Q: 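For reference, the structure I am asking about is given below.
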Amino acid sequence: MPAAQHPDQTRTYYVTTPIYYVNDRPHIGHCYTTLLGDLAARLARLAGRDVFFLTGTDEHAEKVVSSAAAHGVTPIQWADRNAAAFQEAFRFFDFGFDDFIRTTQRRHIEKVEAYIRRLQASGAIYEGDYEGWWDESQEEYLTETTAREADFKSPVSKKPLVRRRERNYFFRLSAFEDRLLAHMEANPGFIQPEARRNEVIGRIRQGLQDVPVSRAAEPGSTPWGILMPDDPGHRVYVWIDALFNYLSTIDTPERRGYWPPAVHLLGKDILWFHAVIWPCMLMALDEPLPRAIYAHSWWIREGQKMSKSLGNFLDFPTLRGYAEAYSLDALRWFLITQGPLGATDADFAHARFIETYNADLANGVGNAASRVANMIDKYFDGACPDPKGITNHAGHDWPAIAGGAVNASKSAFESLELAAAVEAGVALSRRVDGYINATEPFKIAKDPARKDELAVILYHCAEAIRIAALILSPAMPTKMADLLGRLGAPDLSAARLDRDGQWGGLRPGVKVVKGEALFPRADAEAPPPEPIAGED
RNA sequence: GGCGAUGUAGCUCAGUCUGGUUAGAGCGAGGGAUUCAUAAACCCUAGGUCGGCGGUUCGAGUCCGCCCAUCGCCA
């Protein structure tokens, strides 16, 4: 394999979200996964990596055709409209993705056809017969489990399912079982979190069967989807089509170096496709495997599952309401730090939002920044004091403390603990609070003879806040840019943690601005914010 | 039905693999002291049968068995 396809994996960082089903409207599920992608991308950039962050939409589902017809538009018009809604929501969240792939784009379709041909040529895709439970009313096959749970009747029409057989193309998944298991054994971080890994391994051990990768195209039906090469009677299954997006988007001369992905982020519902079928297809294509596949769990709302029947989905207008009321970065912070990164679901409860906001942001970072800036304003006329080279005071070795926070953030990021990577910043700001309480600069200020000591203390405080802001910036880019600006630090766009996170970056003499409260304290008694609908 | 997990302070969880002083953290709550700060930070307090029952052991949240509850996956 050419050297170009073995990039220095400590240099590049390719992160993906799933591509979202274009019939959906953006809700917390899509926004959360994409926020994690944005966070990982920003953390990677801060670590100095060359980052590529991909999201997009999955558009070739049969139901797109019927939904479009119901709305009196063509499928592509319908897809255009809904894809735009995702892009609008993602722009609102300030997600810095580098590309937005749509599976109806020619660049994707052509690549998928080529991948299928490669798989056919190698024998990994072959023709066979598929037999399964067919729901005539819905014109779809049901899985064995779904069919059994529905008592072998259509869940919709209640008419009995029929056993049906059709010619199909299959992917030889069974042939990769041993290799995949070996890979998972050798790479414990391949599937995360661990509970999900165990789940997948347990299921693989029950044996892998070949999977159909195509469906017969009904003659005369609307052309929608990717046709099997040299066989216009079959279309590539949408989920196979969709999985290829991760490769097709990057499969150009300029972007090839980003492969393989550092991490595929996804929800636990689509773990099997990503953890088993996708890696096996990549093995069949002789492509390097992604370094990690991370499946998060679900948000629930006020203790209840979100469902259509309850009508309690946390949709984009609701999220926008929170962003308007408490700031976008506060919403990002809540979702990142309280979200279902692990194997258990997380609760989006209003009271919990307020608690987190006040504890971490208003009473935490915001208040610490405020008290420091206020004292510098009051005792040094707003000019950053000069510690005159002193870094260790009253038992506080600040370069070590700040360096510890930076390292904690780095290692959390490397092990994909995305929330912990930014929470290290809050921990550092708490050290500043403790230091102020221990040294009581506001008392020292009353004694003019102790001005030098006061300067040392307040410099340490300001410098630690600056580094905390840097660590926090991937989660809260806007607010932390504001905070860093108040400390006379340059903008974040080119910031590097290992360089700018060094102790001593803050220049004595720069103007320190007190400003308005970064995160005004939230009233726990106030009702939840009203949803804000978009312009469309 | 099959496979797997979880159940520890009001909430979210760590600790269980390698059994051993008064079972921990953060948040919330109550009290105190203080004032540089966003009635914030700080200090003290919470007396939780470590889901239940039984077993092994000098000794179990930590090992074994059974039971109860909740949850995940089953292409």
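Note that the structure is a prediction, hence the values are computed from the model and not measured. Only heavy atoms go into these numbers, but all of them, side chains included; no hydrogens, no water, no symmetry mates. Sequence lines set the chain letters: A, B, ... in the order given, protein chains first and strands last, and positions in each chain run from 1.
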Q: Between the protein and nucleotides 7-12 of chain B, which nitrogen or oxygen pairs come in under 3.5 angstrom?
A:
none

Q: Just the rounded figure in Å: distance from C1' of B:G2 to CD of A:Gln206.
A: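 Going from CD in A:Gln206 over to C1' in B:G2 covers 7 Å.
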Q: Tell me what A:Gly207 touches on the nucleic acid: a base, only sugar-phosphate, or nothing, going by heavy atoms under 4.0 Å.
A: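 Base contact.
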Q: Quote, to the nearest angstrom, the P distance that separates B:A60 from B:C13.
A: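 Those two atoms are separated by 29 Å.
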Q: Would you tell me if any nitrogen or oxygen in the side chain of A:Asn198 comes within less than 4.0 Å of OP1 or OP2 on B:G4?
A: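 A:Asn198 to B:G4 OP1/OP2: no side-chain N or O under 4.0 Å.
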Q: Using the C1' atom as the reference point in each nucleotide, state the distance between B:U62 and B:A40 in Å, no decimals.
A: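 The same atom, C1', in both gives a distance of 41 Å.
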Q: From CH2 of A:Trp278 over to C1' of B:A75, roughly how many Å is that when rounded to an integer?
A: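 A:Trp278 atom CH2 is separated from B:A75 atom C1' by 18 Å.
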Q: Could you check how far CH2 of A:Trp272 sits from P of B:G4, rounded to whole Å?
A: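 After rounding, the gap between these two atoms is 15 Å.
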Q: Rounded to the nearest angstrom, tell me the gap between atom CD1 in A:Ile270 and atom C1' in B:C73.
A: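 It works out to 15 Å between those atoms.
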Q: Suppose we call two aromatic rings close when their centres sit under 6.0 Å apart. Are A:Tyr326 and A:Phe334 close by that rule?
A: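 No, too far apart.
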Q: Quick test: give all pairs of protein nitrogen or oxygen and nucleotides 32-36 of chain B nitrogen or oxygen below 3.5 Å, distance rounded to 0.1 Å.
A:
unit_1, atom_1, unit_2, atom_2, d
B:C36, O3', A:Asn374, ND2, 3.0
B:C36, O2', A:Asn374, ND2, 2.8
B:C36, O2, A:Arg371, NE, 3.1
B:C36, N3, A:Arg371, NE, 3.2
B:C36, N3, A:Arg371, NH2, 2.4
B:C36, N4, A:Arg371, NH2, 2.8

Q: Going by modelled atom types, is there a donor-acceptor pair between the base of B:A37 and the side chain of A:Asn367 at under 3.5 Å?
A: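 Indeed, a donor on one side and an acceptor on the other fall under 3.5 Å apart.
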Q: Give the dot-bracket line for RNA chain B from 5' end to 3' end: parentheses for intra-strand Watson-Crick or G-U pairs under 3.5 Å, square brackets for crossings, | for inter-strand pairing, dots for unpaired.
A: ((((((((.[[[[.)....(...]]]].((((.........)))).....[[[[[..)....]]]]]))))))).
Q: Quick one: A:Ile204 CD1 to B:G4 P, roughly how many Å, whole number?
A: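 In whole Å, B:G4 P lies 15 Å from A:Ile204 CD1.
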Q: Distance check, C1' atoms only: B:A25 and B:C50, in whole angstrom units.
A: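 Going atom to atom, C1' in each nucleotide, I get 16 Å.
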Q: Roughly how many Å apart are B:G32 and B:U38, using the P atom of each and rounding to a whole number?
A: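 Their P atoms lie roughly 23 Å apart.
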Q: Heavy atoms under 4.0 Å, any strand shown: does A:Pro520 hit a base, just sugar-phosphate, or nothing?
A: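 Since a base atom lies under 4.0 Å of A:Pro520, the category is base.
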Q: Decide, yes or no, whether a salt bridge links A:Arg197 with A:Glu194 under the criterion of side-chain N to carboxylate O below 4.0 Å.
A: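 No, this pair does not count.
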Q: Listing request: all salt bridge (Lys or Arg N to Asp or Glu O under 4.0 Å) pairs with a residue in residues 458-468 of chain A, at least two apart in sequence or in separate chains.
A: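 For residues 458-468 of chain A, and leaving out neighbouring residues, the salt bridge (Lys or Arg N to Asp or Glu O under 4.0 Å) pairs sorted by first residue read A:Glu463-A:Arg466.
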Q: How long is the line joining CZ of A:Arg430 and P of B:A25, in whole Å?
A: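 Taking atom P of B:A25 as the reference, CZ of A:Arg430 is at 15 Å.
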Q: Could you list the donor-acceptor pairs under 3.5 angstrom formed between side-chain atoms of residues 437-446 of chain A and any protein atom two or more places apart in sequence or on another chain?
A:
unit_1, atom_1, unit_2, atom_2, d
A:Asn437, OD1, A:Arg371, NH2, 3.4
A:Asn437, ND2, A:Asp433, O, 3.0
A:Thr439, OG1, A:Tyr435, O, 2.8
A:Glu440, OE2, A:Lys443, NZ, 3.2

Q: Supply the atom-to-atom distance A:Ile436 CD1 to A:His460 NE2, rounded to the nearest 0.5 angstrom.
A: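 If we round to the nearest 0.5 Å, A:Ile436:CD1 and A:His460:NE2 are 12.5 Å apart.
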Q: Could you measure between the two C1' atoms, the one in B:C74 and the one in B:C11, and give it in whole Å?
A: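 These two C1' atoms come out 33 Å apart once rounded.
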Q: Taking only side-chain N and O atoms of A:Arg521, does any of them lie within less than 4.0 angstrom of OP1 or OP2 on B:A40?
A: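 Checking B:A40 against A:Arg521, a side-chain N or O does come within under 4.0 Å of OP1 or OP2.
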Q: Got a second to check how far A:Phe190's CZ is from A:Ile201's CD1, nearest 0.5 Å?
A: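 A:Phe190 atom CZ to A:Ile201 atom CD1 measures 10.5 Å (nearest 0.5 Å).
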Q: Tell me every residue that passes salt bridge (Lys or Arg N to Asp or Glu O under 4.0 Å) with A:Glu177, counting only those two or more places apart in sequence or in another chain.
A: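 Partners of A:Glu177 by the salt bridge (Lys or Arg N to Asp or Glu O under 4.0 Å) criterion come out as none, since no residue qualifies.
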Q: Would you say that more than 12 heavy atoms from the other residues, nucleotides or ligands in this model lie under 6.0 Å from the CD of A:Glu127, or not?
A: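 Yes, the 6.0 Å shell around CD holds more than 12 heavy atoms from other groups.
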Q: Would you list the atom pairs, donor with acceptor, under 3.5 Å between side chains in residues 267-282 of chain A and any protein atom, with sequence neighbours excluded?
A:
unit_1, atom_1, unit_2, atom_2, d
A:Lys268, NZ, A:Asp345, OD1, 3.0
A:His274, ND1, A:Ile270, O, 2.9
A:His274, NE2, A:Tyr246, OH, 2.7
A:Trp278, NE1, A:His264, NE2, 3.1

Q: Mind checking the C1' distance from B:A9 to B:G15? Whole angstroms is fine.
A: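 Roughly 14 Å separates the two C1' atoms.
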Q: For A:Glu166, enumerate each residue passing the salt bridge (Lys or Arg N to Asp or Glu O under 4.0 Å) test, keeping only those at least two apart in sequence or located in another chain.
A: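 Result, salt bridge (Lys or Arg N to Asp or Glu O under 4.0 Å) vs A:Glu166: A:Arg164.
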Q: Applying side chain to side chain contact (heavy atoms under 4.5 Å, CB included), can you list everything that pairs with A:Ala462, at least two apart in sequence or on another chain?
A: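 Expected list: A:Val372, A:Ile376, A:Leu487, A:Leu506.
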Q: Want to settle it: does A:Ala359 or A:Ala517 sit nearer the 5' end of RNA chain B, counting the closest nucleotide to each?
A: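 Upstream on the strand: A:Ala359.
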Q: Would you confirm whether the ring centroid of A:Tyr237 sits within less than 6.0 angstrom of the ring centroid of A:Tyr169?
A: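 Centroid distance A:Tyr169-A:Tyr237: not below 6.0 Å, so no.
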Q: Please classify the nucleic acid contact of A:Leu518 as base, sugar-phosphate, or nothing, using heavy-atom distances under 4.0 Å.
A: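 Answer is base: heavy atoms of A:Leu518 come under 4.0 Å of a base.
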Q: Counting the atoms with a prime plus P, OP1 and OP2 as sugar-phosphate, which does A:Gly366 contact under 4.0 Å by heavy atoms, base, sugar-phosphate, or nothing?
A: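 Base: the residue A:Gly366, judged by heavy atoms under 4.0 Å, touches a nucleobase.
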Q: Mind checking if A:Arg205 touches a base, just sugar-phosphate, or nothing, with heavy atoms under 4.0 Å?
A: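 Counting heavy atoms under 4.0 Å across all strands, no contact is made by A:Arg205.
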Q: A:Ile277 near the nucleic acid: base, sugar-phosphate alone, or nothing, with a heavy-atom cut-off under 4.0 Å?
A: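 Counting heavy atoms under 4.0 Å across all strands, no contact is made by A:Ile277.
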Q: Kindly state each residue pair satisfying salt bridge (Lys or Arg N to Asp or Glu O under 4.0 Å) with at least one member in residues 509-529 of chain A, sequence neighbours excluded.
A: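 Output for this query is empty, none listed.
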Q: Among residues 391-422 of chain A, which contact RNA chain B at a heavy-atom distance under 4.0 Å?
A: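 Nucleic-acid contacts, sorted: none.
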Q: Is atom CZ of A:Arg486 surrounded by more than 12 heavy atoms (other residues, nucleotides or ligands) closer than 6.0 Å?
A: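 Yes, enclosed.
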Q: Report the residues that fulfil side chain to side chain donor-acceptor pair (under 3.5 Å) with A:Ser415, sequence neighbours left out, ordered by chain and then residue number.
A: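 A:Ser415 satisfies side chain to side chain donor-acceptor pair (under 3.5 Å) with A:Glu417 once adjacent residues are dropped.
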Q: Please state how far atom CG in A:Asn363 lies from atom P in B:A29, giving the value in whole angstrom units.
A: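 Answer to the nearest Å: 10 Å.
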Q: Using atom CD of A:Glu131 as one end and atom C1' of B:A75 as the other, report the distance to the nearest whole Å.
A: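 Taking atom C1' of B:A75 as the reference, CD of A:Glu131 is at 16 Å.
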Q: Could you tell me how far B:C68 sits from B:C27 if I compare only their C1' atoms? Round to whole Å.
A: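 Straight-line distance between the two C1' atoms is 30 Å.
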Q: More 5' along RNA chain B: A:Leu173 or A:Glu199, using each one's nearest nucleotide?
A: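 With A:Leu173 and A:Glu199 compared, the 5'-side residue is A:Glu199.
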Q: Indicate yes or no: does A:Asp452 engage A:Lys388 in a salt bridge with an N to O separation below 4.0 Å.
A: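 Salt bridge: yes.
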Q: Taking the same atom, P, in B:G31 and in B:A46, what whole-Å distance lies between them?
A: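 Here B:G31 and B:A46 have their P atoms 15 Å from each other.
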